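Here's the structure we're looking at; comments come further down.
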2 protein chains.
Amino acid sequence: MIRVLLAEDQAMLRGALAALLALEPDVEVLGSAPDGESAWRELQRLKPDVLISDIEMPGLTGLELAQRIQRHELPIKVIIVTTFARSGYLRRALEAGVSGYLLKDAPAEQLAEAVRSVHRGGRAIDPQLALEAWSEGDPLNDRERQVLRLAGEGQSAGQIAAQLNLSHGTVRNYLSEAIGKLGVGNRIEAYRLARQKGWL
Amino acid sequence: MIRVLLAEDQAMLRGALAALLALEPDVEVLGSAPDGESAWRELQRLKPDVLISDIEMPGLTGLELAQRIQRHELPIKVIIVTTFARSGYLRRALEAGVSGYLLKDAPAEQLAEAVRSVHRGGRAIDPQLALEAWSEGDPLNDRERQVLRLAGEGQSAGQIAAQLNLSHGTVRNYLSEAIGKLGVGNRIEAYRLARQKGWL
DNA sequence: CTCCTTCGATGACACTTGTCAGAAACGCAA
DNA sequence: TTGCGTTTCTGACAAGTGTCATCGAAGGAG
């Protein structure tokens with residue numbers, strides 16, 4: 001019996017996945033959590049074999065959760081299930097020692113298959129994604145990422161500067177750098193591209 | 001036995017929802033479709049009692065699907081299940097005669113409940129959303145929407161003008177109008193707000 | 001101690017953006 | 001016909017944006 005814990009913020013999907021896995025005779029769903037922090041608590045209480053987690057959750061993300069499991073050397077395999085085919089996410093996930101990375105676009109049967117494979121000590125990585133993950137690196141540094149995130153919310157250089165305790169001009173320099181590195185024409189395109197690639 | 005058809009592009013969720021509904025003794029899942037057009041074909045072939053559909057799907061959206069069902073006066077109840085708590089979406093859905101509108105944030109059990117309620121001739125509308133749906137109207141006209149969409153992709157006033165056969169200045173006027181109507185400070189915020197409200 | 005790199009700041013320039021007042025062109029209704 | 005509303009355009013101005021060369025401070029590496 002493979003003991004599984006689910007972390008997923010969207011209630012409908014959380015419940016549906018639990019139902020799906022409960023149909024498998026060799027899988028037991030111990031419980032589920034709607035955010036990263038409560039998943040971490042449940043994890044320590046229930047000691048599952050496998051954690052299935054979304055990435056984008058309130059508070060602690062799935063990637064941070066995986067990192068924490070890695071640092072504490074818990075004997076728990078992690079499978080990430082996410083909407084986003086972003087190579088940056090996959091790379092960070094692999095660095096955090098996850099065993100599986102599936103897209104929500106993948107057929108539902110694949111999830112149970114992944115749980116078994118991972119429990120046997122194997123991996124379950126979306127093959128398409130695996131290819132491009134190591135080819136393209138994130139060219140942005142921390143400041144550029146930070147500034148770009150705020151610019152993407154519609155903030156002006158001045159507002160961003162005030163928030164980060166930088167000067168107006170420095171913020172514009174970082175934005176200009178980011179725009180150049182990404183090969184686009186303005187802050188909006190830069191934001192969209194970085195977001196799409198999972199670099200944000 | 002309530003006969004149900006599922007339309008949802010995300011394969012994982014589609015399979016999981018089917019598993020969830022299959023657990024209900026009074027519900028039968030006839031099949032599922034990954035996009036609007038194939039849902040329409042399956043609909044005519046299988047003649048289900050209830051269609052459960054996502055909104056954002058490739059090709060035909062869930063809202064367009066509901067409209068088509070309404071125009072053809074098919075005796076099929078529609079339940080929309082979507083990520084987006086956008087009042088504009090709900091309003092358009094209600095105009096298209098849907099009987100249910102649930103968020104993917106809602107608990108999974110609510111779906112089976114909604115299927116039964118709708119099959120009995122009732123409605124199942126997310127209560128929070130129902131309130132604001134009729135209060136806030138979309139203040140944008142067609143041109144403003146069009147221009148804002150392109151601006152949101154990072155295009156400059158000049159590029160947008162070329163695409164719409166307008167002058168540089170006219171595009172800026174429309175953007176200025178939209179920014180004013182939405183009470184925000186620049187095109188980026190305007191785009192984000194309009195998008196969030198489902199006006200885009 | 002120098003040399004080098006990184007981080008942040010400055011000033012100047014051209015261009016884009018947001019705002020506003022005004023006007024030409026068109027359809028439509030009284 | 002006159003008048004109204006809608007759509008589009010124009011020009012002008014202030015503010016914000018993107019680029020670039022340059023500069024100073026701090027922190028290693030040799």
Side-chain angles (χ1 to χ4, degrees), chain A residues 67 88 91-92 95 136-200, chain B residues 86 88 91-92 95 136-200:
Chain A
Q67 273 168 20
R91 183 163 45 252
R92 276 191 264 164
E95 279 163 8
E136 274 184 289
D138 178 352
L140 304 176
N141 63 35
D142 285 356
R143 276 304 196 198
E144 287 157 5
R145 240 191 305 282
Q146 229 176 125
V147 163
L148 207 48
R149 236 192 307 261
L150 296 174
E153 290 171 11
Q155 300 202 39
S156 69
Q159 293 173 305
I160 296 171
Q163 233 164 113
L164 301 181
N165 292 315
L166 292 176
S167 89
H168 165 90
T170 302
V171 169
R172 294 204 283 147
N173 285 338
Y174 283 131
L175 277 171
S176 182
E177 261 300 295
I179 289 166
K181 282 182 179 177
L182 299 180
V184 293
N186 59 45
R187 57 179 66 191
I188 308 181
E189 289 181 309
Y191 174 78
R192 289 169 65 94
L193 179 57
R195 186 125 183 61
Q196 181 212 314
K197 293 281 190 183
W199 297 334
L200 171 154
Chain B
R86 296 177 187 163
R91 183 164 45 250
R92 277 191 264 163
E95 279 163 9
E136 275 183 288
D138 177 353
L140 303 176
N141 63 35
D142 286 356
R143 276 303 196 200
E144 287 156 7
R145 241 193 306 281
Q146 228 175 126
V147 163
L148 207 49
R149 236 191 309 260
L150 296 174
E153 291 171 13
Q155 301 202 38
S156 68
Q159 293 173 304
I160 296 171
Q163 233 164 111
L164 302 181
N165 293 313
L166 292 177
S167 89
H168 165 89
T170 302
V171 169
R172 295 203 284 144
N173 285 338
Y174 283 133
L175 278 171
S176 182
E177 260 301 293
I179 289 166
K181 282 182 179 178
L182 299 180
V184 294
N186 58 45
R187 56 177 68 190
I188 308 181
E189 290 181 310
Y191 174 78
R192 290 169 65 93
L193 178 58
R195 186 126 182 59
Q196 181 211 314
K197 293 281 190 180
W199 296 335
L200 170 153

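Letters go in sequence order (proteins before strands), and every chain restarts at 1. Note that the structure is predicted; figures quoted are calculated from it, not measured.
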Considering non-hydrogen atoms only, spot the tightest contact between [X] and [Y] and give its length.
{"X": "A/Gly152", "Y": "B/Ile188", "answer": "O-CG2, 3.5 Å"}
{"X": "B/Leu140", "Y": "B/Ala194", "answer": "CD1-CB, 4.1 Å"}
{"X": "A/Ala151", "Y": "A/Ile160", "answer": "N-CD1, 3.6 Å"}

If the condition is side-chain hydrogen bond (donor to acceptor under 3.5 Å, both in side chains), which residues does [X] pass it with, not counting sequence neighbours?
{"X": "A/Arg92", "answer": "none"}
{"X": "B/Gln163", "answer": "B/Gln155"}
{"X": "A/Gln146", "answer": "A/Arg143"}

Any donor-acceptor N/O pair, A/Gln196 side chain to A/Leu193 backbone, under 3.5 Å: no

Salt bridge (Lys or Arg N to Asp or Glu O under 4.0 Å) contacts in which one or both residues fall within residues 145-165 of chain A, not counting sequence neighbours: A/Asp138-A/Arg145, A/Asp142-A/Arg145

Counterpart residues, side chain to side chain contact (heavy atoms under 4.5 Å, CB included), relative to A/Ser156 (two or more places apart): A/Gln159

Along DNA chain C, first and last positions that approach a heavy atom of chain A under 4.0 Å: C/dC7 to C/dA12

Chain A contact limits on DNA chain D, taken 5' to 3' with a cut-off of 4.0 angstrom to heavy atoms: D/dT17 to D/dC20

Any A/Leu148 side-chain heavy atom under 4.5 Å of A/Trp199 side chain: no

Residues touching DNA chain C, which here means a heavy atom under 4.0 Å, drawn from residues 156-167 of chain A: A/Leu166, A/Ser167

Pairs flagged by side chain to side chain donor-acceptor pair (under 3.5 Å) wherever residues 186-195 of chain B is involved - sequence neighbours left out: none

Of residues 171-190 of chain B, the positions that come close to DNA chain D - non-hydrogen atoms, cut-off under 4.0 Å: B/Arg172, B/Asn173, B/Tyr174

Which side-chain N or O atoms in residues 170-177 of chain A pair as donor and acceptor under 3.5 Å with protein atoms at least two apart or in another chain?
residue	atom	partner	partner atom	Å
A/Thr170	OG1	A/Ser167	OG	3.1
A/Arg172	NE	A/His168	NE2	3.3

